[in-house]
There are 2 protein chains.
Amino acid sequence: MRPTVHDIAAKAGVSLATVDRVLNNRPGVRGVTRDKVERAIEALGYVRDVAAANLAKSRIYPLVFILPEGDNTFMRGLAAEVEAAKARSAVERTAITVLSVPAFDAPALAQALEEARGLDPAGVAVVAIDATEVVRAVDRLREDGIAVVTLVSDLPGSSRDHFAGVDNVAAGRTAGTLMGRFLGGREGPVAVVAGSMLVRDHRDRLEGFGAAMAESAPGRRLLPVVEGQDDPGEVDRLVSNLLADHPDLAGIYSLGAGNRGLIAALERTGRDKTVCAIAHELTPHSRTALLSGTLDALLNQDAGHEVRSAIRVLKARADGLAVIGAQERIRIEIFLKDNLPVDPA
Amino acid sequence: MRPTVHDIAAKAGVSLATVDRVLNNRPGVRGVTRDKVERAIEALGYVRDVAAANLAKSRIYPLVFILPEGDNTFMRGLAAEVEAAKARSAVERTAITVLSVPAFDAPALAQALEEARGLDPAGVAVVAIDATEVVRAVDRLREDGIAVVTLVSDLPGSSRDHFAGVDNVAAGRTAGTLMGRFLGGREGPVAVVAGSMLVRDHRDRLEGFGAAMAESAPGRRLLPVVEGQDDPGEVDRLVSNLLADHPDLAGIYSLGAGNRGLIAALERTGRDKTVCAIAHELTPHSRTALLSGTLDALLNQDAGHEVRSAIRVLKARADGLAVIGAQERIRIEIFLKDNLPVDPA
DNA sequence: GAATTTTTGATGTACGTAAATCAAAAATCC
DNA sequence: GGATTTTTGATTTACGTACATCAAAAATTC
């Protein structure tokens with residue numbers, strides 16, 4: 001049987017109340033006594049039964065998720081994962097509120113953060129936009145003792161506790177290496193389609209992509225980045241133009257969302273088999289395009305992992321506990337048509 | 001506040017004891033009453049507080065892991081993950097026993113399964129070998145009501161409850177597609193190094209690799225498979241011979257373990273930059289080789305995920321609960337030098 | 001050494017569920 | 001309608017921790 005508080009009390013020769021005072025560092029214990037108890041804890045290898053502790057505390061963690069609105073599948077998938085977490089809230093002792101804000105709208109996001117603050121939650125998870133007013137709003141939350149985790153897109157200048165997302169420079173590098181190697185001897189320039197250069201993750205991916213391309217395909221020409229606002233229609237228009245302007249286009253790296261537009265443009269023009277296309281995020285559309293060969297590779301961040309990780313970190317921070325960084329690191333997944341997970345993500 | 005058993009009792013107009021009888025389907029409840037209670041549960045949206053339930057039951061799950069001995073890093077990593085799970089057993093209410101058996105030894109494995117049966121555990125996780133006596137031993141465990149999960153290597157003919165491992169045909173296909181595309185215009189044959197064609201996962205990988213290579217690099221010559229017994233020394237010898245015999249060798253796919261030998265042979269002969277090498281399993285050695293460019297890509301199955309998934313499935317099966325197949329599916333990870341996780345696996 | 005403050009002990013209740021016991025009520029059988 | 005069986009109720013204890021209260025003991029101050 002694993003040791004309990006009673007065993008510690010017996011071993012240390014003190015009362016249960018004193019053990020409780022030490023365990024929950026309540027005041028009124030002499031240093032000598034505290035040491036005695038701590039030695040007993042050590043000797044017995046006691047670990048607090050969290051289930052029993054939570055039961056006794058009947059603690060719940062009120063959390064707020066702030067997500068962007070908008071017509072792109074990845075963010076809708078992220079929202080779905082938050083809903084799934086909500087369904088688990090009874091088990092996980094969380095109470096999750098979701099706030100939606102217009103995409104790429106820093107003032108609206110800052111306002112939503114203020115609204116979240118009004119709800120006095122234990123923690124807030126937010127898909128960040130890199131703007132000073134957002135940084136200020138996050139810092140205000142932290143000053144109120146509210147834990148903050150950035151989700152998918154980080155906010156490095158702020159005092160956020162943690163970033164639940166991928167290393168986007170590395171993701172861009174990965175795409176660059178794949179593109180360079182997949183192109184092989186093929187001639188022609190490579191295009192890059194982003195959502196918006198105002199968002200940090202897109203800037204980071206571009207940086208990584210450029211660097212890795214320079215290594216794996218030195219001398220290859222990169223066309224100037226075009227920005228599709230993560231909107232399928234806009235991406236379709238931009239890619240169609242690129243294909244028309246560059247009959248020898250060898251590859252396209254789409255580092256943002258709105259890939260339905262990319263896929264549509266490639267397939268409509270019949271260039272899907274000759275242009276090497278690498279994109280981000282596994283969705284039903286991108287999955288189909290990967291299987292048909294329109295897309296050559298797909299980089300992915302697991303939205304479910306990110307949401308679950310964010311919740312774990314927020315809970316830990318609310319309790320003032322440390323998190324194991326390595327365990328909460330989100331991986332950059334590479335999918336080819338051959339290693340797709342069976343269920344549509 | 002979320003509803004409790006008391007709320008159900010009040011709502012249904014029955015006693016607490018009756019609610020308990022329904023919830024834990026104990027006998028002695030009329031159909032009418034049972035319905036009344038179930039409607040109340042439904043109406044209130046009651047979900048059992050697992051923490052409280054486990055506390056009350058003070059249930060533990062005795063589990064047995066059967067792992068092969070042998071000098072290869074992957075299996076040692078797997079064993080380390082089981083140890084890590086053992087360290088968590090207080091929290092997870094498990095009691096894990098590990099049995100070691102000689103590698104590739106079916107009679108010894110069957111005997112270990114019998115030994116596990118003698119321990120009367122709730123479940124057994126085993127790295128399977130494809131042999132009739134092993135199938136029989138697994139079936140005997142199942143007849144005794146003991147849950148069985150195969151780990152890493154499956155046993156399709158048996159009555160095992162679940163396989164915690166990757167789809168190895170798909171893994172081979174993934175390697176084949178990568179190899180075909182990475183080779184690009186380069187000439188020369190491609191070699192395949194396996195551990196043993198007697199093991200199912202290696203046969204599966206070879207099958208997938210051949211099929212995908214035929215698609216992505218039609219006409220490319222595949223050399224006959226050589227078998228290195230997952231032993232670094234033997235692999236080194238075999239690869240050295242291959243390199244000597246085929247000065248124009250374009251690629252090597254190592255689908256088993258013992259990659260230290262592969263890496264050593266490539267680097268010693270200075271062919272590490274000209275031969276495209278794809279291997280399995282992320283280890284400190286393969287990680288270094290990927291970063292230095294000796295290996296071009298690495299396929300991986302996350303041993304930690306596999307062990308944790310096996311435990312979840314065994315616990316669920318011991319309680320007669322269903323598992324969500326999709327959630328327990330182990331992914332085939334692709335690593336390039338750019339998307340390696342930060343901590344050495 | 002008396003008064004004060006600090007530390008410790010003893011004890012009880014609560015969290016939500018499991019499981020057991022015994023008595024009471026209701027249904028069923030003949 | 002009485003005997004028997006089945007169903008239901010009432011109540012208690014337990015799991016391991018948190019937290020509060022009050023009394024007793026020890027240490028500290030002057």
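Residue numbering restarts at 1 for every chain, and letters A, B, ... go by the order of the sequence lines.
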Each nucleotide of nucleotides 25-30 of chain D classed B (base within 4.0 Å of a protein heavy atom), S (only sugar-phosphate) or -, in 5' to 3' order, makes --S---
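For C/dA10, neither phosphate oxygen OP1 nor OP2 lies less than 4.0 angstrom from any side-chain nitrogen or oxygen of A/S15.
Listed nucleotides C/dT17, C/dG9, C/dC15 differ in distance to A/T18; the shortest reach to its side chain belongs to C/dG9.
Under the side chain to side chain contact (heavy atoms under 4.5 Å, CB included) criterion, B/S153 pairs with B/V127, B/V199, B/D201, sequence neighbours left out. In terms of the side chain to side chain donor-acceptor pair (under 3.5 Å) criterion, residue partners of A/R160 (sequence neighbours excluded) are, by chain and number, A/D154. Residues satisfying the side chain to side chain donor-acceptor pair (under 3.5 Å) test with B/E115, not counting sequence neighbours, are none. Under the side chain to side chain contact (heavy atoms under 4.5 Å, CB included) criterion, A/S159 pairs with A/D139, A/R142, sequence neighbours left out. Considering only residues two or more places apart in sequence or on other chains, A/R117 meets the side chain to side chain donor-acceptor pair (under 3.5 Å) condition with A/E114, A/D144.
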TODO: Go through A/I311 and A/F65 one step at a time and tell me if the side chain to side chain contact (heavy atoms under 4.5 Å, CB included) criterion holds.
DONE: CA-CA 10 Å; A/I311 292 173; A/F65 274 75; 3.8 Å; yes
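Judged by distance alone, the side chain of B/R317 and the main-chain N or O of B/D161 form a donor-acceptor pair under 3.5 Å.
The nearest heavy atom of DNA chain D to A/P3 and to B/R34 marks one nucleotide each, and the one closer to the 5' end goes with B/R34.
Checking B/Q301 against B/E281 by side-chain atom types alone, a donor-acceptor pair falls below 3.5 Å. The closest side-chain donor-acceptor pair between B/E328 and B/S309 falls under 3.5 angstrom.
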Between the protein and nucleotides 19-22 of chain C, list every N/O to N/O distance that falls short of 3.5 Å.
from, atom 1, to, atom 2, distance (Å)
C/dA19, OP2, B/R26, NH1, 3.1

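At a non-hydrogen distance threshold of 4.0 Å, A/H6 from residues 6-13 of chain A come into contact with DNA chain D. Near DNA chain C, meaning a heavy atom under 4.0 Å from it, residues 43-50 of chain B has B/Y46, B/R48, B/D49 in order of number.
Put simply, CZ on B/R2 is 9 Å from P on C/dG16, counting in whole angstrom units. Computed from coordinates, the A/L55 CG to D/dC19 P distance equals 12 Å when rounded to whole Å. Rounded to a whole Å, the NZ atom of B/K36 is 12 Å from the C1' atom of D/dG9. For A/N54 and D/dT17, the CG to P distance is 12 Å, given to the nearest whole Å.
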Report, one line per pair, each donor and acceptor closer than 3.5 Å where one atom sits in a side chain of residues 84-91 of chain B; sequence neighbours left out.
from, atom 1, to, atom 2, distance (Å)
B/R88, NE, B/E92, OE2, 2.9
B/S89, OG, B/K86, O, 2.5

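The list of salt bridge (Lys or Arg N to Asp or Glu O under 4.0 Å) pairs with a residue in residues 22-47 of chain A, not counting sequence neighbours, reads A/D20-A/R26. Counting only residues at least two apart or on different chains, the salt bridge (Lys or Arg N to Asp or Glu O under 4.0 Å) pairs with a member in residues 51-64 of chain B are B/R59-B/D319.
The pair B/R331-A/D302 meets the salt-bridge criterion, with a side-chain N (NZ, NE, NH1 or NH2) lying under 4.0 Å from an Asp/Glu carboxylate O.
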